[in-house]
Amino acid sequence: MGFGWTDFLTLMPEKQMGAIVLCNEESSARSRVVRAVVQTILGREPSTGTVSWMVPVSQALHTGGIQAASDCYLRIKGDPNYSIDADDLLDLAYQIASVKKWGLAREVLELNLQVFPDHLDSSLMLTRMYLQIGDHAAARRILEQILVSDPANAAAASLLTQVNQNTSSEQQ
């Protein structure tokens with residue numbers, strides 16, 4: 001998709017070997033590939049395990065947009081061949097936001113929150129995106145939801161103070 005990339009270098013001087021892993025996406029899939037490479041260097045059989053949901057969801061997002069990505073998730077959500085990790089879509093949203101595709105990043109975060117409604121980092125990032133585009137009402141709603149379930153959440157409380165200050169200064 002081109003939304004991001006990662007790399008990993010491992011050196012094992014005692015084996016006189018090393019490896020570089022270059023990935024064109026960032027998810028838990030990268031960690032699995034790195035582990036498989038290290039296992040191979042150590043002369044062990046790498047375990048294949050499951051496939052990150054980011055593989056089919058990213059493909060669906062690229063070819064058919066957010067609705068296709070959501071439909072893809074619904075198709076694979078019970079399939080034991082896929083691992084579904086809350087941080088994967090968050091990572092993707094960060095990558096999308098880094099190229100200033102705010103609408104798509106927001107949609108990805110909203111999908112992540114449909115799958116993981118209590119994922120705090122996704123809620124906070126979505127709040128920050130709403131603040132960036134000036135939608136203080138949407139940001140306030142999310143922060144108030146966070147604070148209902150976790151009244152001691154300092155990050156949400158701080159952002160809510162910021163939202164309230166911005167709103168009151170705009171009204172003056």
Side-chain angles (χ1 to χ4, degrees), residues 1-10 18-38 46 48-79 81-143 145-146 150 153-156 158-160 162-163 166:
M1 285 187 67
F3 288 128
W5 55 88
T6 62
D7 56 54
F8 184 83
L9 168 68
T10 186
I20 297 173
V21 176
L22 304 173
C23 298
N24 64 352
E25 59 98 11
E26 186 174 341
S27 72
S28 59
R30 179 194 72 102
S31 300
R32 291 181 198 167
V33 170
V34 168
R35 281 193 298 275
V37 167
V38 169
T48 54
T50 57
V51 174
S52 170
W53 69 319
M54 289 305 299
V55 174
V57 168
S58 292
Q59 290 170 346
L61 181 64
H62 180 67
T63 59
I66 196 66
Q67 186 58 53
S70 181
D71 293 345
C72 178
Y73 162 72
L74 292 174
R75 279 193 309 277
I76 67 171
K77 74 178 182 177
D79 189 330
N81 295 310
Y82 291 97
S83 66
I84 299 176
D85 184 304
D87 289 331
D88 286 342
L89 281 184
L90 178 64
D91 291 341
L92 180 60
Y94 274 114
Q95 293 169 34
I96 294 168
S98 75
V99 294
K100 301 195 182 343
K101 294 186 177 191
W102 306 115
L104 183 57
R106 181 186 48 77
E107 290 176 335
V108 167
L109 288 169
E110 289 170 349
L111 174 59
N112 205 36
L113 287 167
Q114 287 174 14
V115 177
F116 300 99
D118 298 323
H119 193 249
L120 179 62
D121 290 337
S122 291
S123 294
L124 291 173
M125 182 180 178
L126 185 58
T127 299
R128 289 183 187 102
M129 290 184 71
Y130 280 131
L131 288 174
Q132 194 160 20
I133 63 171
D135 190 343
H136 295 140
R140 182 179 295 106
R141 277 192 305 275
I142 294 170
L143 293 169
Q145 289 172 353
I146 293 169
D150 183 7
N153 188 298
S158 174
L159 281 170
L160 186 56
Q162 179 184 343
V163 169
N166 288 345

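Taking OG of S123 as the reference point, atom CG of L109 lies at 9.0 Å (rounded to 0.5 Å). Here the CZ-CG distance, from F116 to D121, works out to 12.5 Å after rounding to the nearest 0.5 Å. Here the CG atom belonging to N112 is positioned 10.5 Å from the CD1 atom belonging to I84, to the nearest 0.5 angstrom. We find the CZ-CD distance between R128 and Q132 to be 11.0 Å, quoted to the nearest 0.5 Å. Note that CG of D88 and OG of S58 are 8.5 Å apart. Values are rounded to the nearest 0.5 Å. Rounded to the nearest 0.5 Å, atoms CD (Q95) and CG (L90) are 10.0 Å apart.
You'll find the side chain of L124 reaches within 4.5 Å of the side chain of I146, heavy atoms only. Between L61 and L104, some side-chain heavy-atom pair lies under the 4.5 Å cut-off. In this structure, V57 and L89 have side chains that are in contact, with non-hydrogen atoms separated by less than 4.5 Å. The side-chain heavy atoms of V55 and Y82, taken from C-beta on, include no pair separated by under 4.5 Å. With a 4.5 Å cut-off on side-chain heavy atoms, R106 and Y130 count as touching. Side-chain contact between V21 and L9 is absent, with no heavy-atom pair separated by less than 4.5 Å.
Between L92 and M54, the closest heavy-atom pair is CD2-CE, 3.5 Å. Here the shortest heavy-atom pairing between V163 and H136 reads CG1-O, 3.8 Å. In terms of heavy atoms, L131 sits closest to A139 at CD2-CB, 3.8 Å. Here the closest non-hydrogen pair linking H119 and L113 is O-CD2, 3.6 Å. Across every non-hydrogen atom of A105 and A93, the tightest pair is CB-O, 3.7 Å.
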Do any side-chain atoms of residues 64-76 form donor-acceptor pairs under 3.5 angstrom with protein atoms, and if so which ones, sequence neighbours left out?
residue	atom	partner	partner atom	Å
Q67	NE2	D71	OD1	2.8

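A donor-acceptor pair under 3.5 Å is absent between the side-chain atoms of N81 and the main chain of V51, judged by distance alone. Of the possible polar contacts, none joining the S158 side chain to the A154 backbone as a donor-acceptor pair under 3.5 Å is found.
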